Novice: 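I have a structure I would like to understand better, so I am pasting it below and will then ask my questions one at a time.
Source: prediction; values computed, not measured. FYI, side chains are in, hydrogens and waters are out, and symmetry mates aren't considered; it's all heavy atoms of this structure.
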Amino acid sequence: MKSNVLKAMLIVSLCSCSSAKTYNEPQFIEEHEITGKCLSDDLMISYAYDMAVDSRYVYILALSEGKWLHVYDKHDGRYLGSTVHAGQGPGEIHTALSLMVDGDNLQIYDQSQKKLFNYSVNNEDDSLQVSFVDDVNFSSCSGIVRRAWELGGQYLVDGQLGVEKTGQKRFQLYDGNSVVSQYNDFPVENEDMKKAFLSPNVCFSPSKNKMATGTLYGGVLETFDLSSTSISLSGVYRFYEPLVSFKAGELVPATDMKYGFSAMCATDDVIYSVLIGDSDPNNLYNISIFDWNGKGLAQYKTDRQIFKLSCYSGTPSELYALTYSRSEGFSLYLYRVEI
């Protein structure tokens, strides 16, 4: 009898370990088709690195005509101007990677200068002014800083900070002097597959106490809890296996690998994303919505490729998207979803 019980326990244990590593395509409670409203089809950009939206404006991070930040009215799509000059002088950006808007503060991280730039946004007089405030220089940190965000006085770093100098790292919470917390685990064991988790898509809840990441190679969604002193994993949701090899410093996907997350943004309740789910990385025709527990809530099929997504906490059912087509280039669209 005891032997049978032990066998049963072993079977349950093995099944549990196996199921924890399996990949299951997400199932959505609702599926719809959606057509957005074009706000502007005259975006003079060749590539967008990031975008953000607040109560009045849409901000697009793209290098065009010597400037990095391009601003549009979120209600009618009017182009309001471009600012933040390209360069290496005070307030100038050389290689921008990420953009965040929080109230009247706008952040841009410059990877080549290892600086997080802060700008103030002033729109009290019905005219937009973006002014350079200061920058946080990570050059003194003995480690790579791929991206950085200021979150309530601390800095969340996607990089290689910390005492340990070897091995691939992921996220560190930095207080300006030292690393106060870090998360360097991976939901895969294969060393090549771990490279798929270098600089994943990242989004934050408006309250900044939650973070979600999604891999482009394969589709793995992770959620994290954030505080001023800690970063901890909340959940891992494996949708598509990151079947990649690492050769000559580059990730090489297997021909049958399905691509995952190409864009993400979030509210305090849901995670919005573009989930490719196909071996064609250009199959960007959807908006996929998850809750913070990885449950698929709804998927909207679109008639245009969705390149970037952003939302504002005050109007959480409105999504602003950079769409792309070969004939029109980049356009700014508004999508209204039900959540």
Side-chain angles (χ1 to χ4, degrees), residues 18-32 34 50 98 146-147 158 168 170-171 183 185-205 210-224 233-246 250-267 270-302 304-311 319 321-322 324 337 339:
S18 175
S19 63
K21 299 292 184 181
T22 59
Y23 293 82
N24 298 302
E25 195 160 329
Q27 303 297 312
F28 295 93
I29 297 174
E30 299 180 14
E31 294 187 356
H32 308 277
I34 191 171
D50 207 348
S98 62
R146 292 180 284 266
R147 290 173 294 180
D158 168 11
Q168 181 180 329
R170 300 191 64 191
F171 298 106
Y183 182 84
D185 291 336
F186 294 83
V188 295
E189 296 179 359
N190 179 278
E191 292 299 321
D192 280 3
M193 286 187 182
K194 288 181 181 180
K195 299 295 190 295
F197 294 83
L198 283 170
S199 295
N201 282 284
V202 174
C203 64
F204 301 93
S205 63
K210 293 184 288 189
M211 176 179 74
T213 69
T215 59
L216 174 63
Y217 294 93
V220 179
L221 173 67
E222 295 174 278
T223 57
F224 297 85
L233 182 70
S234 175
V236 180
Y237 312 98
R238 298 172 175 85
F239 302 134
Y240 307 109
E241 190 171 11
L243 301 173
V244 296
S245 57
F246 193 65
E250 293 186 359
L251 278 174
V252 180
T255 55
D256 59 344
M257 186 200 75
K258 289 187 176 182
Y259 287 85
F261 296 91
S262 64
M264 299 177 76
C265 64
T267 70
V270 300
I271 300 165
Y272 295 114
S273 69
V274 176
L275 179 61
I276 299 171
D278 193 274
S279 57
D280 177 6
N282 296 311
N283 189 10
L284 308 174
Y285 297 91
N286 74 83
I287 297 171
S288 300
I289 307 173
F290 298 88
D291 66 16
W292 282 91
N293 294 314
K295 182 179 181 179
L297 300 179
Q299 185 173 66
Y300 289 83
K301 299 295 185 181
T302 64
R304 303 178 63 84
Q305 288 181 306
I306 307 296
F307 191 73
K308 294 290 182 184
L309 276 177
S310 189
C311 59
L319 287 174
L322 286 179
Y324 180 80
V337 299
I339 53 175

Novice: Going by the rule ring pair (Phe, Tyr, Trp, His ring centres under 6.0 Å), which residues pair with Tyr240 if we only count those two or more places apart in sequence or in a different chain?
Specialist: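 Counting only residues at least two positions away or on another chain, Tyr240 forms no ring pair (Phe, Tyr, Trp, His ring centres under 6.0 Å).
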
Novice: With sequence neighbours excluded, tell me which residues meet side-chain hydrogen bond (donor to acceptor under 3.5 Å, both in side chains) with Lys301.
Specialist: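 For Lys301 the side-chain hydrogen bond (donor to acceptor under 3.5 Å, both in side chains) partners, ignoring immediate neighbours, are Gln299.
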
Novice: Tell me, please, which residues at least two apart from Phe197 pass ring pair (Phe, Tyr, Trp, His ring centres under 6.0 Å).
Specialist: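 With sequence neighbours excluded, Phe197 shows a ring pair (Phe, Tyr, Trp, His ring centres under 6.0 Å) to no residue whatsoever.
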
Novice: Do the side chain of Asp192 and the main chain of Val244 share a donor and acceptor less than 3.5 angstrom apart?
Specialist: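 Side chain of Asp192 to backbone of Val244, a donor-acceptor pair under 3.5 Å: no, none is there.
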
Novice: Mind checking the CE-OG1 spacing from Met264 to Thr213? Nearest 0.5 Å is all I need.
Specialist: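 So the CE of Met264 and the OG1 of Thr213 are separated by 6.5 Å.
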
Novice: Would you check if the side chain of Arg147 reaches a backbone N or O of Val202 as a donor-acceptor pair within less than 3.5 Å?
Specialist: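 Not a single qualifying donor-acceptor pair exists.
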
Novice: Measure the spacing between CD1 of Ile306 and CG of Leu319 and express it to the nearest 0.5 Å.
Specialist: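 Ile306 atom CD1 to Leu319 atom CG measures 9.0 Å (nearest 0.5 Å).
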
Novice: Measure across Pro281 and Leu284 and return the closest heavy-atom pair with its distance rounded to 0.1 Å.
Specialist: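 Here Pro281 and Leu284 meet closest at O-CD2, 3.5 Å.
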
Novice: Using the ring pair (Phe, Tyr, Trp, His ring centres under 6.0 Å) criterion, which residues pair with Phe224? Sequence neighbours excluded.
Specialist: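 Per chain and number, Phe224 pairs via ring pair (Phe, Tyr, Trp, His ring centres under 6.0 Å) with Phe171, Tyr183.
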
Novice: Show the nearest heavy-atom pair for residues Cys265 and Cys203, with the distance to one decimal.
Specialist: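 For Cys265 and Cys203, the tightest heavy-atom pair comes out as CA-CB, 3.7 Å.
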
Novice: Measuring from Leu322:CG to Arg304:CZ, what's the distance to the nearest 0.5 Å?
Specialist: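 The CG atom of Leu322 sits 11.0 Å away from the CZ atom of Arg304.
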
Novice: Under the criterion side chain to side chain contact (heavy atoms under 4.5 Å, CB included), I'd like the reasoning laid out for Phe28 against Ile289: C-alpha separation, chi angles, the key distance, then a yes or no.
Specialist: CA-CA 8 Å; Phe28 295 93; Ile289 307 173; 5.9 Å; no

Novice: Once side chain to side chain donor-acceptor pair (under 3.5 Å) is applied, what residue pairs with a partner in residues 272-286 remain, sequence neighbours excluded?
Specialist: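 Residue pairs passing side chain to side chain donor-acceptor pair (under 3.5 Å), neighbours aside: Asn286-Ser288.
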
Novice: Give the minimum heavy-atom separation between Ala263 and Phe307, together with the two atoms involved.
Specialist: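 In this case the closest contact between Ala263 and Phe307 is CB-O, 3.8 Å.
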
Novice: Under the salt bridge (charged side-chain N to carboxylate O under 4.0 Å, His left out) test, which residues partner Lys258, sequence neighbours left out?
Specialist: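 So Lys258 forms a salt bridge (charged side-chain N to carboxylate O under 4.0 Å, His left out) with Glu25.
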
Novice: Can you give me the closest heavy-atom contact between Pro187 and Arg170, atom names plus distance?
Specialist: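 Looking at all heavy atoms of both residues, the closest pair is CD-NH1, 3.9 Å.
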
Novice: What distance separates Leu221 CG from Tyr237 OH, expressed to the nearest 0.5 Å?
Specialist: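 Answer for the CG-OH pair, Leu221 versus Tyr237, is 7.0 Å.
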
Novice: Mind checking ring pair (Phe, Tyr, Trp, His ring centres under 6.0 Å) for Phe239 and listing every partner two or more places apart, or none if nothing turns up?
Specialist: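 With neighbours one apart ignored, the set is Phe290.
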
Novice: Show your reasoning for whether side chain to side chain contact (heavy atoms under 4.5 Å, CB included) applies to Met193 and Leu243.
Specialist: CA-CA 7 Å; Met193 286 187 182; Leu243 301 173; 3.9 Å; yes

Novice: Okay, side chain of Asn293, backbone of Lys295: is any donor-acceptor separation there less than 3.5 Å?
Specialist: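 No, Asn293 side chain to Lys295 backbone: no donor-acceptor pair under 3.5 Å.
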
Novice: Go through the structure and list residues passing side chain to side chain contact (heavy atoms under 4.5 Å, CB included) with Leu216, not counting sequence neighbours.
Specialist: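 Here the qualifying residues are Tyr259, Ser262, Ile276.
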
Novice: Return the set of residues passing side chain to side chain contact (heavy atoms under 4.5 Å, CB included) with Val252 (not counting sequence neighbours), or none when no residue passes.
Specialist: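 For Val252 the side chain to side chain contact (heavy atoms under 4.5 Å, CB included) partners, ignoring immediate neighbours, are Ser245, Lys247.
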
Novice: Keeping the roles fixed (side chain from Ser234, backbone from Thr223), state whether a donor-acceptor pair exists under 3.5 Å.
Specialist: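 Such a contact is absent between Ser234 side chain and Thr223 backbone.
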
Novice: Return the minimal non-hydrogen interatomic distance between Gly218 and Met257, and the atom names on each side.
Specialist: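 Heavy-atom minimum between the residues: N-SD, 3.6 Å.
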
Novice: Under the rule for side-chain hydrogen bond (donor to acceptor under 3.5 Å, both in side chains), what residues qualify as partners of Ser199, not counting sequence neighbours?
Specialist: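 Here the qualifying residues are Asp158.
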
Novice: Who passes side chain to side chain contact (heavy atoms under 4.5 Å, CB included) against Gln168, sequence neighbours left out?
Specialist: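 Listed in chain order: Gln160, Phe186, Lys194, Lys195, Leu198.
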
Novice: Look up atom CG in Asn201 and atom CG in Leu309, then write down how far apart they are to the nearest 0.5 Å.
Specialist: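 With rounding to 0.5 Å, CG (Asn201) is 10.0 Å from CG (Leu309).
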
Novice: Go through the steps to decide whether Asp185 and Leu233 satisfy the test side chain to side chain contact (heavy atoms under 4.5 Å, CB included), and finish with yes or no.
Specialist: CA-CA 9 Å; Asp185 291 336; Leu233 182 70; over 6 Å; no

